[in-house]
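In what follows, a single structure is set out as structure tokens and then discussed.
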Amino acid sequence: MNTATATRYAYYPGCSLTGTASEYDASVRLVLERLGVELAEIPGWTCCGASAAPAVSALLALALPARNLALAERDLPGCDVLAPCSACYLNLLTARQEARRDHRLHARVQEALEGEHLPWANAAPVRHLLDVLANDIGPARIAAAAERPLAGLVLAPYYGCQTLRPYAAFDDPEHPTSMDAVLRAAGAEVLEWDKGARCCGASLSTTRRQAALPRIAEILRAAAGADAVVTVCPMCQMNLEAFQRQAGLPGPVAVLYLSQVLGLAMGLDPGQVQLGRNLAVPPGFLARLREVPPAPGEVVQATGTG
């Protein structure tokens, strides 16, 4: 953590959060604002290369995320780079780590950025949203901001692969616990399960769907005792939410972003955290949400999903 700028981050939303996962972006911004964190979006950011760039060029796969890190260093000096999307986080972190490991590679990437006259010192730390919530902000501040703690809700924390692999920067990739503490701070119960770090199939859901569907089914069936699965990765969220019927699930399972859950605990209504954009929010989850007792002195108003 950069302690001098612990409440201000260079925000990299990435492509998913400006498109199919816009509910993630909206809820992240609202929740971090409630927690007193300033997000300064990196001016002129572009795609980090996602999963396509490595197939085209190894240098391109590093230069694309490095460009965004260089922009952050130039325009938001001293700020850690915060990426909510696990794929974006991994691409940005890979560029940083590989260039720090190999000075000749760093020089090649710098040369590729010279066309924009964009120096890259590789000084800005790369942080995942979960890392910032768990370690910079911490459970105590989250609990203090929870105006409507989610008492009685059981949530299954799902980390996926890219948040902690191959770089175990802030948690154990085999037995992660950082999200557990955050969810408990929001007042929820945490499902005890062993699928939180299991792969959901990633891009196999579009390229080899029959290989991905058993993985999706295994995870969702293991979460049967929870009111919702909670994740921090747009690809995981899409896989677990969009392919439930094809995976043979008998009914819809709520798969929410961590920031949506925290927003609900902080008193935001379902419309503000854009639950209406989720594909699978069963009526049973909304009913359970309405059963959450209000905090002392809270005035309860009826709200829709927006």
Side-chain angles (χ1 to χ4, degrees), residues 27 31 86 128-135 137-143 145-146 148-165 168-202 212-241 243-244 247-266 275 278 280-282 284-293:
S27 54
V31 163
S86 295
H128 192 283
L129 172 70
L130 178 56
D131 179 17
V132 169
L133 286 168
N135 298 308
I137 297 169
R141 277 174 65 185
I142 293 170
R148 193 176 173 84
L150 304 177
L153 285 182
V154 179
L155 303 175
Y158 183 72
Y159 299 80
C161 298
Q162 297 179 102
T163 308
L164 297 168
R165 298 185 184 96
F170 62 92
D171 206 343
D172 183 337
E174 299 301 325
H175 303 286
T177 59
S178 52
M179 199 189 313
D180 301 37
V182 172
L183 292 175
R184 290 192 178 100
E189 298 178 36
V190 175
L191 180 72
E192 297 294 333
W193 70 332
D194 61 358
K195 307 299 182 187
R198 187 68 57 91
C199 178
C200 68
L213 290 178
R215 296 173 179 267
I216 294 169
E218 177 187 21
I219 293 165
L220 293 176
R221 289 194 177 110
D227 293 295
V229 175
V230 182
T231 189
V232 289
C233 173
M235 180 176 288
C236 295
Q237 199 276 342
M238 179 192 71
N239 281 349
L240 296 179
E241 185 180 59
F243 300 105
Q244 293 183 11
L249 271 293
V253 178
V255 183
L256 308 180
Y257 289 110
L258 176 60
S259 49
Q260 290 181 299
V261 169
L262 293 181
L264 293 171
M266 292 175 187
L275 282 190
N278 290 67
V281 182
F285 175 78
L286 295 176
R288 292 281 290 129
L289 189 60
R290 286 191 288 270
E291 292 172 3
V292 173

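Just so it is clear, the values below take in all heavy atoms, side chains as well, and ignore hydrogens, waters and symmetry mates.
For Ala146 against Ala185, the heavy-atom pair with the smallest separation is CB-O, 4.3 Å. In terms of heavy-atom proximity, Lys195 sits nearest to Ala222 at CG-CB, 3.4 Å. For Asp180 against Pro157, the heavy-atom pair with the smallest separation is OD1-CG, 3.6 Å. Residues Arg148 and Arg290 come closest through the heavy atom pair NH2-O, 4.2 Å. Shortest non-hydrogen contact noted between Gln244 and Leu220 is CG-CD1, 3.6 Å. For Cys200 against Ile216, the heavy-atom pair with the smallest separation is O-CG1, 3.4 Å.
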Arg221 and Leu249: side chain to side chain contact (heavy atoms under 4.5 Å, CB included), yes or no, with the steps? CA-CA 8 Å; Arg221 289 194 177 110; Leu249 271 293; 4.2 Å; yes
Verdict with supporting geometry, Leu133 and Leu258, side chain to side chain contact (heavy atoms under 4.5 Å, CB included): CA-CA 10 Å; Leu133 286 168; Leu258 176 60; 3.7 Å; yes
Can you check side chain to side chain contact (heavy atoms under 4.5 Å, CB included) on Leu130 and Asp171, steps first, answer last? CA-CA 10 Å; Leu130 178 56; Asp171 206 343; 5.5 Å; no
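Of the inter-residue distances, the one linking Phe285 atom CZ with Asn278 atom CG reads 9.0 Å to the nearest 0.5 angstrom. Of the inter-residue distances, the one linking Leu150 atom CG with Leu183 atom CG reads 9.0 Å to the nearest 0.5 angstrom. Here the CD1 atom belonging to Ile219 is positioned 7.0 Å from the SG atom belonging to Cys199, to the nearest 0.5 angstrom. Between the CD1 atom in Ile142 and the CZ atom in Arg184 there is a gap of 13.0 Å [rounded to 0.5 Å]. Rounding to the nearest 0.5 Å gives a distance of 11.5 Å between CG of Asp194 and CD of Glu174.
Looking only at side-chain heavy atoms (C-beta outward), Ser178 and Tyr159 come within less than 4.5 Å of each other. Residues Leu275 and Leu286 meet the side-chain proximity criterion, which asks for heavy atoms closer than 4.5 Å. With a 4.5 Å cut-off on side-chain heavy atoms, Asp172 and Leu164 do not count as touching. At least one side-chain heavy atom of Leu153 sits less than 4.5 Å from a side-chain heavy atom of Leu289.
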Would you be so kind as to tabulate the donor-acceptor pairs closer than 3.5 Å made by side chains of residues 223-241, with sequence neighbours excluded?
{"unit_1": "Asp227", "atom_1": "OD1", "unit_2": "Arg288", "atom_2": "NE", "d": "3.1"}
{"unit_1": "Asp227", "atom_1": "OD2", "unit_2": "Val154", "atom_2": "N", "d": "2.8"}
{"unit_1": "Asp227", "atom_1": "OD2", "unit_2": "Arg288", "atom_2": "NH2", "d": "3.4"}
{"unit_1": "Thr231", "atom_1": "OG1", "unit_2": "Tyr158", "atom_2": "O", "d": "3.2"}
{"unit_1": "Thr231", "atom_1": "OG1", "unit_2": "Cys233", "atom_2": "N", "d": "3.4"}
{"unit_1": "Gln237", "atom_1": "NE2", "unit_2": "Glu241", "atom_2": "OE1", "d": "3.0"}
{"unit_1": "Gln237", "atom_1": "NE2", "unit_2": "Glu241", "atom_2": "OE2", "d": "3.3"}
{"unit_1": "Gln237", "atom_1": "NE2", "unit_2": "Val255", "atom_2": "O", "d": "2.9"}
{"unit_1": "Asn239", "atom_1": "OD1", "unit_2": "Ser205", "atom_2": "OG", "d": "2.7"}
{"unit_1": "Asn239", "atom_1": "ND2", "unit_2": "Ala202", "atom_2": "O", "d": "2.9"}
{"unit_1": "Glu241", "atom_1": "OE1", "unit_2": "Leu279", "atom_2": "N", "d": "3.2"}
{"unit_1": "Glu241", "atom_1": "OE2", "unit_2": "Leu279", "atom_2": "N", "d": "2.8"}
{"unit_1": "Glu241", "atom_1": "OE2", "unit_2": "Ala280", "atom_2": "N", "d": "3.1"}

